[in-house]
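Here's the structure we're looking at; comments come further down.
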There are 4 protein chains.
Amino acid sequence: MNDFKAHIPIYLQLINAIKQFIVSGRWPPGTRVPPVRELATQFGVNPNTMQRALLELERDGLIFTERTAGRFVTKDNDRIANVRQELCQKVIENAIAELKNLGFTEQEANLLLKTHHSGS
Amino acid sequence: MNDFKAHIPIYLQLINAIKQFIVSGRWPPGTRVPPVRELATQFGVNPNTMQRALLELERDGLIFTERTAGRFVTKDNDRIANVRQELCQKVIENAIAELKNLGFTEQEANLLLKTHHSGS
Amino acid sequence: MNDFKAHIPIYLQLINAIKQFIVSGRWPPGTRVPPVRELATQFGVNPNTMQRALLELERDGLIFTERTAGRFVTKDNDRIANVRQELCQKVIENAIAELKNLGFTEQEANLLLKTHHSGS
Amino acid sequence: MNDFKAHIPIYLQLINAIKQFIVSGRWPPGTRVPPVRELATQFGVNPNTMQRALLELERDGLIFTERTAGRFVTKDNDRIANVRQELCQKVIENAIAELKNLGFTEQEANLLLKTHHSGS
DNA sequence: GTGGTCTAGACCACA
DNA sequence: GTGGTCTAGACCACG
């Protein structure tokens, strides 16, 4: 399960992975988040690293902590929708950047995205 | 310079990196490719690994070898254009896959690409 | 077992030797190919060299790899027949070249091949 | 110029090479044979090895020695023709052996030689 | 145990 | 100095 990019802090990559769980609905609003130790094992990282990722997610308002019961996904659907929008934006901007990297101009890149044929 | 993803063969990543140099025009057709050993140093890999990448690129028709003079980017513009098209396709499909990963359906993903606002 | 011609890359000679195993039927279609390391020992070469030969044979479509189970001779009889035809052609052309080297003209060489008496 | 097969005595290979010079007419009957030392240099071998090859050729009746003047190609055209015939025979038998090695039967091999289309 | 990958270091031909 | 080849030895993923 550990498949991290070199030289990018692991906890940032963890944050992203978990954000995907949440915005994609695999972890619906209000769901209980698995215990840190379990998550750490699943992702093959040190519990401290996972802890840090969850902390940041909490500061981001995507999860909240109930002192004794554990962590839960926020019930604030708007917040989730916003994050999804952000990630979506990043994906698209990233794609455009890569297209520019292939020698296309910004305009060409935009055009390619808009006109591609949805094969597969 | 070494910034490789974990668990993806380095030589494959090298191939991709060099393809970008070629299709983007940073290495124009007919240009001399830097010597294996120099490229290997730049990318922080073993010369043999770089050699393998170049070998595959040669089989792919993107570069050719002149025994003692070095390697050169192909002058076949069509070949280059084809490869650019392939890479472009991969970028877009990848973006769609990531969007689906965020919980969007295929249709929504396509729509997002087509309608996004291009101001960054 | 190592009996290689000087100044011809060993891996090319390995390729040829293995092609003969396959087209001659000593390694029938679908047969499991011995493990790289074993072949390397048999031929008295480094495993990497043998690996390279097998890689090229795979690109040639004569063998295929099953990740953990090993390599196998292709089941594509047409492909095998084609290769046999190629090798056969090379043998004949080679014979003609040698005959020309003995001072015969192309016509004489052809005639000699066609008219030789088959008792050995 | 040194391009010898491994594990076959070099002097035998030299004999063959020189026989080809003679039977092909590149060294016509009665021609003076270059001095041993010069031949040895050309072929990249030790003069003693070359000497041995020439000795055998002399016993074979293909060259003869004039005490002070050097060595000469025999003027016996029949002898030369015979040797050419021998070499020719060897080439053809060798080709048949290789074809059998590709999985053809003796009959098929003979047929292939007789019916091949003289392309090139 | 299989194949796949990577590194380090060496030697060679060519010009 | 270029590319090409070879060896030795190591580590990894997959089952």
Side-chain angles (χ1 to χ4, degrees), chain A residues 1-4 6 43-44, chain B residues 1-18 27 30-60 62-74, chain C residues 1-18 27 30-60 62-74, chain D residues 1-4 6 43-44:
Chain A
M1 198 13 160
N2 93 15
D3 179 26
F4 303 109
F43 282 84
Chain B
M1 226 321 190
N2 97 9
D3 177 28
F4 303 110
K5 287 190 187 173
H7 297 174
I8 297 189
I10 294 182
Y11 78 92
L12 288 180
Q13 303 182 48
L14 291 175
I15 288 175
N16 253 316
I18 294 176
W27 287 1
T31 301
R32 189 174 187 284
V33 173
V36 192
R37 292 163 177 83
E38 186 180 324
L39 279 177
T41 305
Q42 274 182 26
F43 282 84
V45 299
N46 182 287
N48 285 330
T49 306
M50 182 55 75
Q51 172 95 349
R52 176 164 184 185
L54 295 177
L55 251 181
E56 307 256 356
L57 284 166
E58 190 162 355
R59 278 215 197 72
D60 248 34
L62 276 180
I63 65 181
F64 63 93
T65 297
E66 300 259 309
R67 271 305 198 100
T68 64
R71 287 184 173 84
F72 298 85
V73 176
T74 183
Chain C
M1 216 340 177
N2 98 11
D3 177 28
F4 302 110
K5 288 190 188 174
H7 297 174
I8 297 189
I10 293 181
Y11 78 92
L12 289 180
Q13 303 181 49
L14 292 174
I15 289 176
N16 252 316
I18 294 176
W27 286 2
T31 301
R32 190 174 187 283
V33 173
V36 192
R37 292 162 177 83
E38 186 180 324
L39 279 177
T41 305
Q42 274 182 26
F43 282 85
V45 300
N46 182 286
N48 285 330
T49 306
M50 182 56 76
Q51 172 95 350
R52 175 164 185 185
L54 295 177
L55 251 182
E56 307 256 356
L57 284 165
E58 191 163 356
R59 278 217 196 71
D60 248 34
L62 275 179
I63 64 182
F64 63 93
T65 297
E66 299 260 308
R67 270 307 198 99
T68 63
R71 287 184 172 85
F72 299 84
V73 176
T74 183
Chain D
M1 203 8 163
N2 93 12
D3 179 26
F4 303 109
F43 283 83

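All chains are named by letter (A, B, ...) in the order of the sequence lines, taking the proteins before the strands, and each is independently numbered beginning at 1.
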Please indicate whether B:Arg32 has more than 12 foreign heavy atoms, meaning atoms of other residues, nucleotides or ligands, lying under 6.0 Å from its CZ. yes
Does any part of the side chain of B:Leu54, heavy atoms only, come nearer than 4.5 Å to the side chain of B:Ile18, both counted from C-beta? yes
Are B:Leu39 and B:Val33 side-chain neighbours, meaning at least one heavy-atom pair lies under 4.5 Å?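 Side chain of B:Leu39 against side chain of B:Val33, heavy atoms only: contact under 4.5 Å found.
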Under-4.0 Å salt bridge between B:Glu56 and C:Arg59: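 C:Arg59 and B:Glu56: salt-bridged.
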Which whole-number value in Å describes the distance from [X] [atom1] to [N] [atom2]?
{"X": "C:Leu54", "N": "E:dG4", "atom1": "CG", "atom2": "P", "result": "9 Å"}
{"X": "C:Phe64", "N": "E:dT2", "atom1": "CZ", "atom2": "P", "result": "17 Å"}
{"X": "B:Glu58", "N": "F:dT2", "atom1": "CD", "atom2": "C1'", "result": "14 Å"}
{"X": "C:Leu14", "N": "F:dG4", "atom1": "CG", "atom2": "P", "result": "19 Å"}
{"X": "C:Glu66", "N": "E:dG3", "atom1": "CD", "atom2": "C1'", "result": "12 Å"}
{"X": "B:Arg67", "N": "F:dG4", "atom1": "CZ", "atom2": "C1'", "result": "7 Å"}
{"X": "C:Met50", "N": "F:dA8", "atom1": "CE", "atom2": "P", "result": "14 Å"}
{"X": "B:Asn48", "N": "F:dT5", "atom1": "CG", "atom2": "P", "result": "12 Å"}

Relative to the 5' end of DNA chain E, which residue comes earlier, C:Arg32 or C:Leu55, by the nucleotide with the nearest heavy atom?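 Comparing both residues, the 5'-ward one is C:Arg32.
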Between [atom1] of [X] and [atom2] of [Y], what distance do you get to the nearest 0.5 Å?
{"X": "B:Asn48", "Y": "B:Arg37", "atom1": "CG", "atom2": "CZ", "answer": "9.5 Å"}
{"X": "B:Leu57", "Y": "B:Ile63", "atom1": "CG", "atom2": "CD1", "answer": "5.0 Å"}
{"X": "B:Thr74", "Y": "B:Asp60", "atom1": "OG1", "atom2": "CG", "answer": "11.0 Å"}

Verdict with reasoning, C:Arg71 to C:Val36, per side-chain contact (heavy atoms from CB on, under 4.5 Å): CA-CA 9 Å; C:Arg71 287 184 172 85; C:Val36 192; 3.1 Å; yes
So if I take every side-chain heavy atom of B:Val36 and compare against E:dT7, F:dG3, E:dG3, which nucleotide ends up nearest?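 Nearest listed nucleotide: F:dG3.
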What's the closest nucleotide to the side chain of C:Tyr11 if the choices are F:dC6, F:dT7, E:dG3? F:dC6
Measure distances between side-chain N and O atoms of [X] and base N and O atoms of [N], and say whether any donor-acceptor pair falls under 3.5 Å.
{"X": "C:Arg37", "N": "E:dG3", "result": "yes"}
{"X": "B:Asn46", "N": "E:dG9", "result": "no"}
{"X": "B:Arg52", "N": "E:dG4", "result": "no"}

Look at [X] and [N] and indicate whether a side-chain polar atom (N or O) is within less than 4.0 Å of OP1 or OP2.
{"X": "C:Gln51", "N": "E:dG4", "value": "yes"}
{"X": "C:His7", "N": "E:dC12", "value": "no"}
{"X": "B:Thr49", "N": "E:dT7", "value": "yes"}

With Watson-Crick and G-U wobble geometry limited to distances under 3.5 Å, how should the secondary structure of DNA chain F be encoded in dot-bracket form, using | for bases paired to another strand and [ ] for crossing pairs? ||||||||||||||.
For C:Thr65, answer base if it contacts any base atom (sugar-phosphate contacts may also be present), sugar-phosphate if it contacts only those atoms, and nothing otherwise; contact means non-hydrogen atoms under 4.0 Å. sugar-phosphate
